Amino acid sequence: MFVLGIETSCDETAACLLQCESDRVQILSEEISSQCELHQAYGGVVPELASREHLTNLPLVVDSVLSEAGKELGEIGLVGVTSGPGLKGCLLMGLSFVKALCLAKEIPFLCVNHIEGHIHAPRLDLLLEGRKLEYPYLALVVSGGHTELMKVSALGRYEVLARTIDDAAGEAFDKSANLLGFAYPGGAALASLADTIDHSRFKLPKVMRETEGFSFSGLKTAIALAIRENEAVLTSEQLAKAEMAHSIQEAIVEALCFKVKKALNESGLRRLAVTGGVAANLLLRRRCEELLPGGVSFPTMRHCMDNAAMIAYLAAERFASGERSNLDAQVHSRWPVETLNGGS
Ligand code: KG4
Ligand code: ZN
């Protein structure tokens, strides 16, 4: 069966065409159109602009994946679309587009949860290599909008062990990057600079560890203070900027890994999946591998970021277990992943 995936929850318009036959999955074509440059001038995503861009880009990315794979709309057996969580207007563009397409072409469609998509991205990438990520596993979802640590027992069985009570890990990277003078989103640029050195003269406090969830607001204040106090040297010395980036990256990664280590010890789980945009961070990858040598899965760099391959794959999995969506399906700007429980 050919499955088309559509993702528009934030500032990426993505489409992907998957071929799924029982346990074999193949990506026939994939397109991710990023609006990053459009929003850079505003220092963050402008929801109204993002929605309009999706409206323009959706037919283009779908056309592009179909022609690259040499397929017609009529050959598609299922469309999977992100219907939450995310920016409401952006989600509405994707879902309305899919409803119109599926009504006109009489194709079944399935609404899927974006975070559940990230949770399954490492499974998809392993499957593409003919390997499997067996349940149960611990999943760390770290993106620009989410920081969640959960036990994944099966498709649709998620137990959230910790989530952020303020900023997301990606937000912590991006806001710090902004204070250091990087353009939005800045997380990856800060990480690249941090990776150029292995020491720092700047000391940042450890993130509060006693909180049940993740919390980055205290660290954010400490970073803002440290940058203000060292403004002169940071603006005149590139090495000082790299050292500050190094300390910031260390502090954020340490905060994430502290909770991962605790969850691994307490749950006894021996498989860990790290996913979402921040899973592209090389220090985080290294530290997680040190915690559980040989037991960690990451998506490919492309599938760490928002993408439609994970959405198509998840739709195919849920479709196989008998699910369908209908035309009165709605978008959900908030949609905690544990509310999906009860699946197979
Ligand atoms: O999953 P994603 O593409 O979008 C959301 O669902 O939010 O994640 C984007 C986030 C941004 O905050 C970006 O700065 C961060 O992932 N990011 C990184 C790196 N690459 C992307 N953060 C740290 N290190 C990186 N290498
Ligand atoms: Zn995401």
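Remember, it's 1-based here, ligands and their atoms both numbered in the order they're listed. The structure displayed is predicted, hence computed values, not measured ones.
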Return the option from [options] holding the heavy atom at the smallest distance from [atom].
atom                    : options                       : answer
atom 17 (N) of ligand 1 : Cys36, Gly277, Ser143         : Gly277
atom 13 (C) of ligand 1 : Leu283, Ile252, Ile32, Asp174 : Asp174
atom 3 (O) of ligand 1  : Asp306, Val142, Asn307        : Asp306

(request) With heavy atoms of Gly170 as the reference, note each atom of ligand 1 found under 4.0 Å away. (result) 12 (O)
(message) At less than 4.0 angstrom from any non-hydrogen atom of Cys304, what atoms of ligand 1 do you find?
(response)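 Going through ligand 1 atom by atom, the ones under 4.0 Å from Cys304 are 1 (O).
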Compute the minimum heavy-atom distance from [X] to ligand 1 and say whether it is under 4.0 Å.
X      : result
Gly145 : yes
Gln249 : no
Ser9   : no

(request) Of all the heavy-atom pairs spanning Thr8 and His54, show the shortest one and how long it is. (result)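 For Thr8 versus His54, the nearest heavy atoms are O-NE2, 3.3 Å.
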(message) I need the minimum non-hydrogen distance between His118 and Cys304, along with the two atoms involved.
(response)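 Smallest interatomic distance, heavy atoms only, reads CE1-O, 3.5 Å.
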Of the backbone atoms (N, CA, C, O) and the side-chain heavy atoms from C-beta on, which set of [X] has a member under 4.0 Å from an atom of ligand 1: side chain, backbone, both, or neither?
X      : result
His146 : neither
Ala169 : neither
His114 : side chain

(request) Check the pair Phe298 / Leu284 against side chain to side chain contact (heavy atoms under 4.5 Å, CB included), numbers first and verdict last. (result) CA-CA 11 Å; Phe298 306 96; Leu284 178 63; 5.8 Å; no
Looking at [atom], what's its closest protein heavy atom, distance included?
atom                    : value
atom 24 (N) of ligand 1 : Asn281 ND2, 3.0 Å
atom 9 (C) of ligand 1  : Gly144 N, 3.8 Å
atom 25 (C) of ligand 1 : Ala188 CA, 3.8 Å
atom 15 (C) of ligand 1 : Val278 CG2, 4.0 Å

Should [X] and [Y] count as an ion pair when the cut-off is N to O under 4.0 Å?
X      : Y      : value
Glu171 : Lys220 : no
Arg163 : Glu338 : yes
Glu250 : Arg287 : yes
Lys261 : Glu266 : no
Arg52  : Glu48  : yes
Glu289 : Arg285 : no
Glu159 : Lys151 : no

(request) For residues Ile311 and Ile6, determine if any side-chain heavy atom of one lies less than 4.5 Å from a side-chain heavy atom of the other. (result) no
(message) Would Ala191 count as a polar contact of ligand 1, with the cut-off being nitrogen or oxygen pairs under 3.5 Å?
(response) no
(message) In this structure, would Tyr184 and Ile32 fall into the same cluster of hydrophobic residues linked by side-chain contacts under 4.5 Å?
(response)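 Each belongs to a different hydrophobic cluster.
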(request) Compute both the distance and the angle, then confirm whether Arg123 meets the cation-pi test with Tyr135: under 6.0 Å from the six-membered ring centre, within 45 degrees of the axis. (result)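 Pair Arg123/Tyr135 counts as cation-pi.
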(request) Under 2.8 Å from the Zn ion (ligand 2), which protein N, O or S atoms are there? Could you list them by chain and number? (result)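 Within the sphere that stays under 2.8 Å of the Zn ion (ligand 2), the protein atoms of type N, O or S are His114 NE2, His118 NE2, Asp306 OD1.
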(request) Measure the spacing between NE2 of His120 and CZ of Arg318 and express it to the nearest 0.5 Å. (result)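 If we round to the nearest 0.5 Å, His120:NE2 and Arg318:CZ are 7.5 Å apart.
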